[in-house]
Amino acid sequence: MAREAAEKPPEEILSLWKREQAQLKALLVEQDTEAWQRDPAFSGLQRVGGVDLSFVKGDSASACASLVVLSYPELEVVYEDCSMVNLTAPYMSGFLAFREVPFLVDAVQRLQEKEPHMVPQVLFVDGNGVLHHRGFGVACHLGILTDLPCIGVAKKLLQVDGLENNAQHKEKIRLLQAEGDTFPLIGGSGTVLGMALKSHSHSSKPLYVSVGHRISLESAVRLTRSCCRFRSPEPVRQADIRSRDYIRRTLGSPRPPPEQERSQKLQKPKVCPKEGSEEPAGEGSPPETHS
DNA sequence: GCGACAG
DNA sequence: ATCTTGTCGC
């Protein structure tokens, strides 16, 4: 049933994907387009969204795609959509969107149809925006396909355009002192591709923020700061937590070793190796928890 | 053969 | 992404 995702796509496909990224990139807007983005207190911002995918452990093709919407500035979850999906494309650095974005777009469209008033005014995406091999990461891709402002938030530095996670980079990280401290990620051409941000006082590893669509880097970093209760922005963190929980509740224990299985084994003793029986004859029926 | 490699 | 418990620290 759960086919594995496809093998590495042939060069021909990668060429098509690169062309598509280039075409969509022409539509990219890397500045603030909304009034609330320029407001010192983000007045007018009421809903922030987050998306993420979590995978079933042994299966690189089965995942739970989740979209959550939080109230701003309270950061309380007001909408959640989790759904199991079967991925087709394999993961390839530089082409993450072709693997994950179709399911995220689906989730956004479901929301737009069913509860348009709940559509978020900005989406936090787990991955990069313009900090990308061809300047068009998954956050840009999702932004263009949904026409929503998007912010790319990665947990690891994507080493592109001269950016390296070398000793100097690590030293800059070490110099990030207080929560909110940043340093620019400057590409070979001198362009600022993103910002490393210490998003939480107790986090030694920074967040790598970059523009997805319809927001400036300055606003993106400022809003990311404003949405972090812990290391990652609350919308993404909630999407992550809830997608994992959904998997655990769904496939986590389809058949939690019921007592019946144990009695069957006793009735049909297959093997009784050696003398020591490790299992105390007792039972361990996990209290069925409902809801 | 070795290093890179968002999620 | 996932494999993984306890553990050190505030």
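A note on names: the letters A, B, ... follow the listed sequences, proteins ahead of strands, and every chain is numbered from 1. No experiment lies behind these values; they were computed from the predicted model shown.
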Residues touching DNA chain B, which here means a heavy atom under 4.0 Å, drawn from residues 130-150 of chain A:
A/His132, A/Gly137, A/Val138
[N] phosphate, OP1 or OP2, under 4.0 Å from [X] side-chain N/O:
X        : N     : value
A/Lys156 : B/dA4 : no
A/Arg99  : C/dA1 : no
A/Tyr91  : B/dA6 : yes

Would you say that A/Phe42 contacts A/Ser226 through its side chain, given a criterion of any heavy-atom pair below 4.5 Å between the two side chains?
yes
Any side-chain heavy atom of A/Leu111 sitting closer than 4.5 Å to one from A/Tyr79?
yes
CZ on A/Arg38 to CG on A/Asp32, rounded to 0.5 Å
4.5 Å
Point-to-point distance, once rounded to the nearest 0.5 Å, from CE of A/Met195 to CG of A/Asp181:
11.5 Å
Tell me whether the centres of the aromatic rings in A/His169 and A/Phe183 are closer together than 6.0 Å.
yes
Would A/His141 and A/Phe98 count as a close aromatic pair, with their ring centres under 6.0 Å?
yes
Note, DNA chain B 5' to 3' with Watson-Crick or G-U pairs under 3.5 Å encoded as ( ), [ ], | and . gives .......
Criterion side-chain contact (heavy atoms from CB on, under 4.5 Å) against A/Phe136, the qualifying member of A/Asn128, A/Ile144, A/Val130
A/Ile144
What is the distance from [atom1] of [X] to [atom2] of [N], rounded to the nearest Å?
X        : N      : atom1 : atom2 : value
A/Phe124 : B/dG7  : CZ    : P     : 16 Å
A/Asp240 : B/dA6  : CG    : P     : 17 Å
A/His200 : C/dC10 : NE2   : P     : 14 Å
A/Gln159 : B/dC5  : CD    : P     : 4 Å
A/Asp126 : C/dA1  : CG    : P     : 7 Å
A/Leu207 : B/dA6  : CG    : P     : 15 Å
A/Asn166 : B/dA4  : CG    : P     : 11 Å

Could you check whether [X] gets within reach of a base, just the sugar-phosphate, or nothing at all, counting any heavy atom under 4.0 Å?
X        : value
A/Asn128 : base
A/Phe95  : base
A/Gly152 : nothing

Is the Lys NZ or Arg CZ of A/Arg134 less than 6.0 Å from the centre of A/Phe95's six-membered ring, within 45° of the axis?
yes
Nearest-Å distance once atom C1' is located in both B/dC5 and C/dT2:
15 Å
Nearest heavy atom decides the nucleotide; on that basis, is A/Arg244 or A/His202 closer to the 5' end of DNA chain C?
A/Arg244
